[in-house]
Structure formats: structure tokens, C-alpha cells
Engineer: 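Encoded as C-alpha cells, here's the structure I'll be asking about.
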Amino acid sequence: MSLPIPPSHIVIFGRPGSGKSSLAERLSLDHGYTLMRTGELLREAVLRRDPLGVQVESLLKSGNLVPDPVIAALLERTLTGPGTGRILFDGFPRTMGQVRILEQLEQTRGFRVDCFLEVAISREAAILRMTGRRVCPECGATYHMANKPPQAEETCDLDGARLERRKDDALEVIEARQRVFDESTLPVLDYFRTHAPERYRRVDGEQASEAVYAETCRVLGLEDYTLRGQ
Ligand code: AMP
């Protein structure tokens with residue numbers, strides 16, 4: 001069976017390091033999807049130091065998941081009104097408990113996810129990508145030791161500052177996040193792959209980001225604006 005083209009409500013899945021969040025950002029900018037990112041909502045709550053933020057701060061630092069009821073409360077207060085417009089869920093659902101939360105939200109808010117999109121990448125490739133990331137602490141420029149290395153080793157091309165890893169790219173956090181994905185989120189992917197195969201799509205996340213975007217547009221029936229004018 002085919003998808004409604006283009007799909008209006010999408011869930012994007014991918015292990016940490018798959019590039020799913022950059023892809024989600026691009027889909028949002030080019031195609032008008034509203035991003036619903038639980039990770040970002042949680043980080044904002046931590047910065048505001050509201051009660052929910054205080055509760056989850058240490059879990060976020062460790063790379064472990066926050067409890068399902070917290071995610072339910074977060075979405076309840078964020079998803080107001082009926083589900084109109086295009087929504088792209090990034091980072092939710094991550095557990096089987098959250099699948100039930102999504103199903104309840106679909107009923108109470110009157111929308112239906114019409115595509116589950118998996119950005120597929122092996123654990124090894126994801127770890128390699130994440131361990132290679134570097135950021136300049138002065139200007140925020142980003143580098144990758146394999147794909148986008150600085151000219152001088154571990155030094156920012158723009159201001160000469162010594163490059164650092166992002167805090168959540170510490171090795172033990174990377175490993176923890178991969179383990180959490182394998183244990184809690186892979187069963188969610190299996191669930192949708194078997195229960196909703198007509199709405200399930202998979203793209204190869206090991207390609208260069210341009211190719212992943214192009215494949216995604218093709219699969220979802222969206223126009224690939226980078227092809228315009230070629
Ligand atoms: P992300 O930016 O999606 O990688 O999320 C960053 C962190 O926020 C994760 O490592 C978790 O600690 C937490 N988090 C984000 N979304 C969820 C979710 N749906 N369920 C549980 N924890 C989450």
C-alpha cells in the first residue's frame with residue numbers, strides 16, 4: 001500500500017549519529033513541517049529550570065532516557081489543539097510505552113502518523129561518526145575528523161582555538177546512548193515495521209547527507225529543491 005503523498009505527520013527514527021536530526025531540520029525548512037523534538041523540549045526545560053527540567057537534568061547528561069510519564073506530560077503541554085498542519089516527530093516515540101502515548105495522542109488530538117521513516121545506519125558507523133565530531137569552544141564551528149577535518153590538527157581554522165568534543169560526545173555517553181537505542185528503541189522500530197508496513201519507510205543513512213536527503217524526498221514524494229535549476 002502507498003503513503004499519502006506527501007505525508008503530513010511523520011515520525012523519524014535513527015540511532016544517535018545517524019544524522020536524523022539534521023535531516024529532520026532540512027525537511028522542516030524545505031517542506032514546512034513543524035518539528036516536535038522531545039530532546040530539544042527537555043533541554044529547554046533544563047535551561048529554564050522549571051520543575052520538569054530539574055527532574056530530568058542528570059538523566060540527560062548520562063544519555064539515559066527520561067521516564068515515559070514525563071514525556072507524556074511534555075507532549076500534552078506542547079501539542080495543543082487538534083493536529084493540523086504538518087508535524088515531524090524527532091526523538092519520540094523511543095520506548096514501547098511511548099508507542100501507547102503516541103496512540104493516545106493521535107486519538108485525543110485527532111491526527112494520524114502516516115509515515116514512520118527509519119534512517120538506517122550500523123552501530124559501528126554511528127559510533128565512528130560521533131567520536132569524530134569536534135566543536136570550537138570559541139566560535140561554535142563544527143568539524144569532523146574523517147569528513148571535515150580542520151587544516152591543523154585539533155585546531156579551529158577560523159580562530160585557532162583548540163577543538164573539543166561536545167559534552168554528550170564523551171565516549172561513555174556515546175556507548176550508553178547506543179545501548180539505550182538497541183534496548184528500548186529497536187523494539188519500537190520492529191513494532192511499526194510489522195504492524196504498519198504500509199506506512200514504514202527506510203532510507204540508507206550511511207550515504208553522504210545530500211544523498212540521504214535526496215532518497216528521503218523520493219521516498220516521501222517531496223520535491224528535492226537541491227535538484228531545481230540543475
Ligand atoms: P536527543 O536530542 O533526541 O538525542 O535527546 C537527548 C536526550 O533527551 C536523550 O539522551 C534522553 O535523555 C532525552 N530524551 C529525548 N527524547 C526522549 C524520549 N522520547 N524519551 C526519553 N528520553 C528522551
Side-chain angles (χ1 to χ4, degrees), residues 1-28 33 35-42 59 63-68 70-72 74-75 79 86-107 111-130 168 173-207 209 211-213 215-222:
M1 244 170 79
S2 57
L3 295 175
I5 297 288
S8 71
H9 289 64
I10 301 175
V11 170
I12 188 165
F13 292 113
R15 60 172 65 245
S18 64
K20 79 169 163 65
S21 291
S22 317
L23 178 64
E25 249 156 53
R26 193 145 172 211
L27 290 171
S28 151
Y33 287 95
L35 282 182
M36 198 56 64
R37 303 181 126 158
T38 44
E40 196 168 285
L41 294 170
L42 290 166
L59 286 168
N64 286 305
L65 296 182
V66 311
D68 289 347
V70 175
I71 297 296
L74 190 72
L75 287 166
L79 270 175
R86 293 178 173 181
I87 299 183
L88 181 52
F89 291 92
D90 171 9
F92 167 84
R94 263 171 149 104
T95 65
M96 283 309 294
Q98 292 179 21
V99 171
R100 309 288 165 242
I101 295 171
L102 173 64
E103 288 169 352
Q104 272 168 16
L105 283 169
E106 286 184 314
Q107 283 191 358
F111 70 90
R112 181 172 189 259
V113 171
D114 35 33
C115 179
F116 299 95
L117 178 72
E118 176 189 352
V119 183
I121 178 172
S122 72
R123 191 179 207 272
E124 295 69 33
I127 290 180
L128 206 66
R129 278 195 187 166
M130 292 175 85
D168 54 354
V173 178
I174 291 176
E175 300 255 318
R177 295 180 74 203
Q178 296 296 333
R179 195 173 55 246
V180 165
F181 180 85
D182 288 335
E183 289 171 5
S184 302
T185 310
L186 277 184
V188 175
L189 270 69
D190 285 343
Y191 173 81
F192 287 120
R193 200 182 301 124
T194 48
H195 285 78
E198 72 288 356
R199 291 184 281 158
Y200 199 88
R201 295 291 182 276
R202 181 186 225 171
V203 293
D204 174 5
E206 296 198 16
Q207 313 169 83
S209 58
V212 179
Y213 180 70
E215 190 184 344
T216 302
C217 288
R218 204 170 56 246
V219 161
L220 300 184
L222 295 165

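Computed from heavy atoms alone, side chains included, the values below leave out hydrogens, waters and symmetry copies. Keep in mind it's a predicted model, so treat the numbers as computed, not measured.
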Engineer: For the atom pair CZ (Phe181) and OG (Ser18), what is the distance rounded to the nearest 0.5 Å?
Structural biologist: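 Atom-to-atom, Phe181:CZ and Ser18:OG are 7.5 Å apart.
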Engineer: Nearest 0.5 Å, please: how far is CD1 in Ile121 from CD in Gln207?
Structural biologist: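 It comes to 11.0 Å.
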Engineer: Can you tell whether the side chains of Glu118 and Lys20 come within less than 4.0 Å, N to carboxylate O?
Structural biologist: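 No, Glu118 and Lys20 are not salt-bridged.
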Engineer: Is any side-chain heavy atom of Pro7 closer than 4.5 Å to one of Tyr33?
Structural biologist: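 Sidechains of Pro7 and Tyr33: in contact.
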Engineer: Give, for atom SG of Cys115 and atom CD of Glu198, the distance between the pair rounded to the nearest 0.5 Å.
Structural biologist: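 Result: 10.5 Å between the selected atoms.
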Engineer: Using a strict cut-off of less than 4.0 Å between a Lys/Arg side-chain nitrogen and an Asp/Glu carboxylate oxygen, indicate whether Arg199 and Asp114 qualify as a salt bridge.
Structural biologist: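 Result for this pair is no, no salt bridge flagged.
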Engineer: How many angstroms lie between atom OG1 of Thr216 and atom CG of Leu222, to the nearest 0.5 angstrom?
Structural biologist: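 It is 9.0 Å, given to the nearest 0.5 Å.
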Engineer: Could you go through Thr185 and Thr95, starting from their C-alpha distance and side-chain angles, then the distance that decides it, and tell me whether this counts as side-chain contact (heavy atoms from CB on, under 4.5 Å)?
Structural biologist: CA-CA 5 Å; Thr185 310; Thr95 65; 5.9 Å; no
Engineer: Do Leu23 and Tyr213 make a side-chain contact, defined as non-hydrogen atoms from C-beta onward lying under 4.5 Å apart?
Structural biologist: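 When only atoms from C-beta onward are counted, Tyr213 and Leu23 do touch, with a gap below 4.5 Å.
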Engineer: State, with a plain yes or no, whether a side-chain heavy atom of Phe92 is found less than 4.5 Å away from one of Ile101.
Structural biologist: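 Side-chain contact under 4.5 Å: yes.
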Engineer: Which heavy atom of Gly205 sits nearest to which heavy atom of Val212, and what is that distance?
Structural biologist: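 Of all heavy-atom pairs spanning Gly205 and Val212, the closest is CA-CG2, 4.1 Å.
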Engineer: What is the minimum heavy-atom distance between Gly97 and Asp68, and which atoms define it?
Structural biologist: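 The answer is CA-OD2, 3.4 Å.
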Engineer: Has Arg100 got its NZ or CZ under 6.0 Å from the middle of the six-membered ring of Tyr191, at an angle within 45 degrees of the ring axis?
Structural biologist: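 Output yes; distance and angle both within limits.
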Engineer: With the side chain counted from C-beta on, respond yes when Val188 and Phe13 share a heavy-atom pair under 4.5 Å apart, and no when they do not.
Structural biologist: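 Val188 reaches Phe13 side chain to side chain.
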Engineer: Hey, could you give me the OG1/CG distance between Thr38 and Leu74, rounded to the nearest 0.5 Å?
Structural biologist: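 Between Thr38 OG1 and Leu74 CG, I get 7.0 Å after rounding to 0.5 Å.
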Engineer: Taking only Lys NZ, Arg NE, NH1 and NH2, and the carboxylate oxygens of Asp or Glu, determine whether Arg193 and Asp190 approach each other closer than 4.0 Å.
Structural biologist: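 Judged by the 4.0 Å cut-off on N to carboxylate O distance, Arg193 and Asp190 do form a salt bridge.
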Engineer: Can you tell me how far the CE atom of Met130 sits from the CD atom of Glu175, to the nearest 0.5 Å?
Structural biologist: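 The CE atom of Met130 sits 10.5 Å away from the CD atom of Glu175.
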Engineer: Quick one: do Arg37 and Glu25 make a salt bridge, cutoff under 4.0 Å?
Structural biologist: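 Glu25 and Arg37: salt-bridged.
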